Number of protein chains: 2
Amino acid sequence: MSNDCEEFVIHPDNVAHAKKTLEDSNPTELAGFFKLLAGETRIKILLALSEVELCVCDISTTLNAKQSAISHQLRYLRQHRLVKTRRDGKQIFYTLEREHLHPILAQTLAHMKEEEAS
Amino acid sequence: MSNDCEEFVIHPDNVAHAKKTLEDSNPTELAGFFKLLAGETRIKILLALSEVELCVCDISTTLNAKQSAISHQLRYLRQHRLVKTRRDGKQIFYTLEREHLHPILAQTLAHMKEEEAS
DNA sequence: AACACATATGAATGATTGTTCATATGAGTT
DNA sequence: AACTCATATGAACAATCATTCATATGTGTT
């Protein structure tokens, strides 16, 4: 019935090392960051914005998705500083907030073309 | 009532460009990849394995999590070729499958230390 | 001021994902 | 062969997340 392995340390050195590695990182933040990129709609938005500025309307046309779905995702991206907005009349234009773009994401977006091109 | 913006193209050039960018990438695959990293438990497992080999028991001790939760996540990581296994008697040891580790993830794991250390 | 358009948002619904419990499998030990 | 330990897995449940619909806000136009 019991699974005592959780009460004994089987490989103390490795476990100690792994625990230290964990403590030295920030898994929660990391996972949170990847969650942003883990949605197809959000990734599409980021890719769509990777070279041009688009208004909400353009984005929903591009992705062929409902305006409100896009708006909700944009809010999420906005809150996490991945995109920024500019109002022009009735329209609101979105661009990538490149300064806040985690180097990892920047690289990813860059990588994409190369890989797909080959 | 209507929101016609989805039927008219507001900024044709930008939309065309964005559509092309989208077609040239693979958003579904990309999102799928990030989904792997978007779980706190999975990221912790990957971090824990980043420098040492661990058996399932060690991992659940390290993360202070239930064995079956870990096993389920390990299966997921295995299926996606992020980790590989080696059996030694009753125990099964997990290591990162570095060859299959997407460059993005490899960099991320490398980055971590540097950033947290500073 | 009334209207139309672009975007945002709240609430509800549906889909996806993670964890748990119970149990199965497979290896070593007696 | 019976038993124990380590891991895996199926099914149920809980939690999280994305999308929809209805409606609100804010801007420009008549």
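What you see is a predicted model; the values in this text were computed from it and never measured. In what follows, every chain begins at residue 1, and chains take the letters A, B, ... in the order their sequences are listed.
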Practice prompt. Grab the CG-C1' distance between Leu36(B) and dT16(C) for me, whole Å please.
Written response: 14 Å
Item to complete: Select from Arg42(A) and Phe93(B) the residue whose nearest nucleotide in DNA chain D is closer to the 5' end of that strand.
Response: Phe93(B)
Worksheet item: Taking only N and O in the side chain of Tyr94(A), is any of them less than 4.0 Å away from OP1 or OP2 of dA8(C)?
Response: yes
Discussion item. The criterion is ring-ring contact (aromatic ring centres under 6.0 Å, His included); which residues satisfy it with His72(B), sequence neighbours excluded?
Written reply: none
Worksheet item: Can you find a side chain N or O atom of Thr41(A) that sits less than 4.0 Å from OP1 or OP2 on dT19(D)?
Response: yes
Discussion item. Testing the basics here: between Leu49(A) and Tyr94(A), what is the closest heavy-atom pair and its distance to 0.1 Å?
Written reply: CD2-O, 3.2 Å
Worksheet item: Which residues pass the side chain to side chain contact (heavy atoms under 4.5 Å, CB included) test with Glu97(A), sequence neighbours left out?
Response: Arg81(A), Lys84(A), Glu99(A), His100(A)
Worksheet entry | Partner set under side-chain hydrogen bond (donor to acceptor under 3.5 Å, both in side chains) for Glu53(A), not counting sequence neighbours | Arg86(A)
Practice prompt. Report yes if a donor N or O on one partner sits less than 3.5 Å from an acceptor N or O on the other, where the partners are the side chain of Gln67(A) and the base of dA8(C); otherwise report no.
Written response: yes
Discussion item. If you assign Gly39(A) and Ile92(B) each to the DNA chain D nucleotide with the nearest heavy atom, which residue ends up on the more 5' nucleotide?
Written reply: Ile92(B)
Fill in: DNA chain C-proximal residues of residues 71-87 of chain A, any heavy atom under 4.0 Å
Ser71(A), His72(A), Arg75(A), Arg78(A)
Worksheet item: Taking only N and O in the side chain of Lys90(B), is any of them less than 4.0 Å away from OP1 or OP2 of dT4(D)?
Response: no
Worksheet item: Considering residues at least two apart in sequence or located in another chain, which fulfil the side chain to side chain contact (heavy atoms under 4.5 Å, CB included) criterion with Ser71(A)?
Response: Val56(A), Gln67(A)
Worksheet item: Quick one: side-chain hydrogen bond (donor to acceptor under 3.5 Å, both in side chains) partners of Lys90(A), sequence neighbours excluded?
Response: none
